[in-house]
Amino acid sequence: MTNSSPTPQSDRPETQRGLGTFGGVYTPSILTILGVIMYLRFGWVVGNVGWGGTLLIVTLSTAITLLTSFSVSAIATDRVIRAGGAYYMISRSLGIETGGAVGIPLYFAQALSVALYTLGFAESLVWTFPDLNQTQTALIVTVLVAILAIKSAKTAIQAQYFIMAAIALSLLSFLFGHTLEPSDVKIWGARAELSEPFWDVFAVFFPAVTGIMAGVNMSGDLRDPARSIPTGTLAAVGTGYVIYMGLPIILSMRASSVSLIERPLIMQEMALWGGAILLGVWGATLSSALGSILGAPRVLQALARDGILPGILKRLGKGSGPDDEPRLGTWVTLGVAIAAVCVGDLNLIAPVLTMFFLTTYMVLNIAAGVESFLQSPSFRPAFKVHWALSFVGAIGCLAVMVLINAIAAVVAAICVAGIYLWLERRELESAWGDVRRGIWMQVVRAGIFNLGHAPDPKNWRPHALVLSGAPSRRWPLIDLATNLTHNRGLITIASILPSGSRDMSQQMALEAKLRDYLDSRGVEALARVVTAPDPFSGAEQLVETYGLGPLVPDTIVLGDSEAPERRQRYCEMLATLHQAQCNTIILRDDREMGFGNRQRIDVWWGGLQANGSLMLILGYLLRTSGGWRGARVCLKLVVPDEEAARSAQANLEKMVQDLRIGAIAQVLVAGDRPFKDILHDSSRDADLVFLGMARPQDDLDFVTYYENLQALVAGLPTTAFVLAAPDFAFEEVLQQN
């Protein structure tokens, strides 16, 4: 996939035309909180769990919302919040993929919520005027709400003031209402035959307090988001809590448990003027629909501007008028809402929509918690929240998701994960930093300090330093290292330049080019460019200085050197690498055949000690890698005669079986043949040959030894000389139980 870079969101000039705290945040938030659940389900809640149980449910629910509000306030007072609300906050904290994975479902949840609320309004209207057609009424109301939003966000907010007045009138009418019958409501629970389980009742009520995003979604239209979002959101949560704590007491004093449970509009019967309750129900549904039709297009606009949506939808990022209103996005949202209204029954997807909202709250809490925990110098919110509170809020959201509907929670999680993977495959590049680098830095720091310096055979795997020079010329070295590490160990591709040929900035530019080249070939590796008087000194310098604490390369992969004038220095370098406790793999690649068909690996066996064990491990790692999957590892042992061959074959087969290495034991009888002839006859058809090397020691003329080794393998397929690090028990890696 080609990389796609987001277009930075345009900065709307600071102007007094923006919305304030009351109209832009508090009003839409409180109107969404005081919704249809308050009018149609609150009596049912009190009747089932008692007034004490209801107060507990309200407190637990509000606590989760309050913690999320704290997290939102912390993020809002740390950075400029532009259009997109929750999506904008998440993407700037946890990265564009996470933001998009939450933002796209959030948009559809808000768009479909418009249909939910207008259908609810139409249903309540049909109760009063039975001659009306519910679907037609919902369609008309949906279009009218959208036209109001398209005209202007300010006009829509002004309309919400009238709705707020209707809700306030309904609450006053209820407050000064009358008792219907003697009450039998208990502090906790109702009669056994009536009572629903506590957590089932909790699940019904919880969506009533999740309206805080209605104000946050207006972030791009606010004069001062950093001040308005915390103040307006917390004020709305506080107001809702006070009202929800008072209503259960009044309800429990005016009717019996049976009446509260069985009569959804019992508040209308109790009210001083019953019509005010109907106005409140209609106002609640209309205000929620209006909040959704205002918020959804702004999320869509932000998604388009950041390049998350496909290119054909990029126009949705454009704004209209001096307030940069997303009119095109509003028309698209209207289309989605109309389609949903025509379907009519949203009961199946309504729980999933709730999950998307709760997922947004959970991720917002995680974003604020991570930012606070990392204590990055760039995170300096005016509204400070301890990271533990944010994480408690995230856990609370997750718990509520499972309590409300576990299946819907799983469906929502699958949708979010699918979108995240899709965005990750697109390799989007953001124009801003996010918290992920800080997270990985903390993980790396903790890992390094917990690794310890003592080698551990049980968890050993090669961490390769590949001395490839220009990677395009010596690609087989990188190919071999990649297949040996399985993307589990670390690989560093190193290039050594002559001293003085590049300054530091040029070296860094070359490293960046090298990383880009490796990325284009799908290789996960680090890149390092150094300067040195000669390649051998550069290799010794890298082995001596490269790494971090215990996290250093333990396996050096390099090419062969056949130039006679350089052989002495080359062998001195090999001795230095061995003294540095490094494994050494020298690859003599066949330039024409390469690794052939990658179907057969010959390991010439000299025993389970040192080189033999390491070569078997390397053969096993190759045959279990993607490039060599299923290759045969032929373990070859040369013995002098047939008698020795019989016992050697049995021993070798038993060892291979015990080690579970998947190799094929082959015992070869030397007779009068020299080893060179046996080697060439037996391995001429191999795709890769492993041969062990002697240790560089004072009593060994290593230069002459190496010349003889090169002559021994001349004409063979691609061959790797292997020299195991001294004092590391590779046989224990093989024999782990």
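Bear in mind that the values here come from a model prediction, so they are computed numbers and not experimental data. Note: hydrogens, waters and symmetry copies are ignored here, and every other heavy atom, side chains too, is used.
Neither side chain, E511 nor Q507, offers a donor N or O lying under 3.5 Å from an acceptor on the other. Between the side chains of W604 and S682, no donor N or O sits under 3.5 Å from an acceptor N or O. No hydrogens or angles considered: a donor-acceptor pair under 3.5 Å links the side chains of D602 and S683.
Applying the salt bridge (Lys or Arg N to Asp or Glu O under 4.0 Å) test to E653 and every residue at least two apart in sequence or in another chain returns nothing. Take F373 and apply the ring pair (Phe, Tyr, Trp, His ring centres under 6.0 Å) test, not counting sequence neighbours, and it matches W387. D641 meets the salt bridge (Lys or Arg N to Asp or Glu O under 4.0 Å) test with no other residue; sequence neighbours excluded. In this structure K513 satisfies the salt bridge (Lys or Arg N to Asp or Glu O under 4.0 Å) test with no other residue, sequence neighbours excluded. For R598, the salt bridge (Lys or Arg N to Asp or Glu O under 4.0 Å) partners two or more places apart in sequence, or in a different chain, are D479. Shown here are the ring pair (Phe, Tyr, Trp, His ring centres under 6.0 Å) partners of F536, two or more places apart in sequence or in another chain: there are none.
Taking the six-membered ring where the residue is Trp, Y706 and Y570 present tilted rings, their angle falling between 30° and 60°.
Applying the side-chain hydrogen bond (donor to acceptor under 3.5 Å, both in side chains) test to residues at least two apart or on different chains, the pairs with a partner in residues 666-676 are K636-Q666. Pairs engaging residues 406-419 under the salt bridge (Lys or Arg N to Asp or Glu O under 4.0 Å) rule: none recorded [sequence neighbours left out]. Within the structure, no pair that satisfies the salt bridge (Lys or Arg N to Asp or Glu O under 4.0 Å) test touches residues 520-539, not counting sequence neighbours.
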Run the side-chain donor-acceptor check on residues 578-587: report pairs under 3.5 Å with partners two or more places apart or on a different chain.
{"from": "N583", "atom 1": "OD1", "to": "A725", "atom 2": "N", "distance (Å)": "2.7"}
{"from": "N583", "atom 1": "ND2", "to": "D554", "atom 2": "O", "distance (Å)": "3.1"}
{"from": "N583", "atom 1": "ND2", "to": "T555", "atom 2": "OG1", "distance (Å)": "3.3"}

Solution key, residues 708-724 side-chain donor-acceptor pairs under 3.5 Å, sequence neighbours excluded:
{"from": "N708", "atom 1": "ND2", "to": "T704", "atom 2": "O", "distance (Å)": "3.3"}
{"from": "Q710", "atom 1": "OE1", "to": "R567", "atom 2": "NE", "distance (Å)": "3.3"}
{"from": "Q710", "atom 1": "OE1", "to": "R567", "atom 2": "NH2", "distance (Å)": "3.3"}
{"from": "Q710", "atom 1": "NE2", "to": "D560", "atom 2": "OD1", "distance (Å)": "3.0"}
{"from": "Q710", "atom 1": "NE2", "to": "D560", "atom 2": "OD2", "distance (Å)": "3.1"}
{"from": "Q710", "atom 1": "NE2", "to": "S561", "atom 2": "O", "distance (Å)": "3.0"}
{"from": "T718", "atom 1": "OG1", "to": "D590", "atom 2": "N", "distance (Å)": "3.0"}
{"from": "T718", "atom 1": "OG1", "to": "G594", "atom 2": "O", "distance (Å)": "2.5"}
{"from": "T719", "atom 1": "OG1", "to": "P717", "atom 2": "O", "distance (Å)": "2.7"}

Sequence neighbours left out, cut at 3.5 Å: what donor-acceptor pairs do the side chains of residues 542-549 make with other protein atoms?
{"from": "T545", "atom 1": "OG1", "to": "Q541", "atom 2": "O", "distance (Å)": "2.8"}
{"from": "Y546", "atom 1": "OH", "to": "T492", "atom 2": "OG1", "distance (Å)": "2.9"}

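Of all non-hydrogen atoms in I308 and G100, the two that sit nearest each other are CD1-CA, 3.6 Å. Scanning both residues, R461 and T485, for their nearest heavy atoms gives NH1-O, 3.7 Å.
No side-chain heavy atom of Y517 sits under 4.5 Å from any side-chain heavy atom of V523.
A salt bridge links D658 with K654: the distance from a Lys NZ or Arg NE/NH1/NH2 to an Asp or Glu carboxylate oxygen falls below 4.0 Å.
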